[in-house]
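This report refers to the structure that appears directly beneath it.
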Amino acid sequence: MDDKTVLGRIHGLVDEEHQLREQLRRGEISGDEERARLAELEESLDQCWDLLRRRRAARDAGHDPDAEQAHSTGEVENYLQ
């Protein structure tokens with residue numbers, strides 16, 4: 001997955017987040033449904049941002065960014081800050 005594809009995925013996830021909030025506002029989904037899907041979206045966004053950062057770091061270090069693969073959401077969510 002190249003940088004452009006990762007960024008496209010990020011934009012798609014953000015668009016879905018906005019759609020969910022609008023659906024909740026219109027009463028089309030419940031707050032529980034919104035929260036559950038938002039949690040999934042947040043994990044996917046974290047995974048995409050992590051991959052993009054690692055691709056950029058690899059490029060800056062003179063390595064092949066295409067060698068970087070997405071880490072599991074569990075791994076990304078458990079990084080120490």
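The residues of the chain are indexed from 1 along the displayed sequence.
- The distance from the OG atom of Ser30 to the CG atom of Leu24 is 8.0 Å, given to the nearest 0.5 Å.
- The list of salt bridge (Lys or Arg N to Asp or Glu O under 4.0 Å) pairs with a residue in residues 24-33, not counting sequence neighbours, reads Glu22-Arg25, Glu22-Arg26, Arg26-Glu28, Asp32-Arg35.
- Rounded to the nearest 0.5 Å, atoms NE2 (His11) and CG (Leu45) are 10.5 Å apart.
- At least one side-chain heavy atom of Arg21 sits under 4.5 Å from a side-chain heavy atom of Glu34.
- Comment: Glu17 does not engage Arg37 in a salt bridge, judged by the lack of any side-chain N to carboxylate O separation of less than 4.0 angstrom.
- Using a 4.0 Å cut-off between a side-chain N of Lys or Arg and a carboxylate O of Asp or Glu, Asp60 and Arg56 do not qualify as a salt bridge.
- Between atom CG of residue Leu38 and atom CG of residue Leu20 there is a gap of 5.5 Å, rounded to the nearest 0.5 Å.
- For the pair Glu16 and Leu41, the tightest heavy-atom approach, listed with the atom from each and the gap, is OE1-CD2, 3.6 Å.
- Screening Thr5, Val6, Asp46, Asp3 for a side chain to side chain contact (heavy atoms under 4.5 Å, CB included) involving Leu51 leaves a single residue, Val6.
- Contact of the Gln69 side chain with the Met1 side chain is not registered, since no non-hydrogen atoms from C-beta on lie closer than 4.5 Å.
- Looking only at side-chain heavy atoms (C-beta outward), Leu13 and Arg9 come within less than 4.5 Å of each other.
- Side-chain atoms of Glu77 and Glu43, non-hydrogen and from C-beta on, do get closer than 4.5 Å to each other.
- Of the inter-residue distances, the one linking Gln47 atom CD with Thr73 atom OG1 reads 5.5 Å to the nearest 0.5 angstrom.
- The CZ atom of Arg53 sits 12.5 Å away from the CD atom of Glu68 when rounded to the nearest 0.5 Å.
- Side chain of Arg55 to backbone of Pro65: a donor-acceptor contact under 3.5 angstrom is found.
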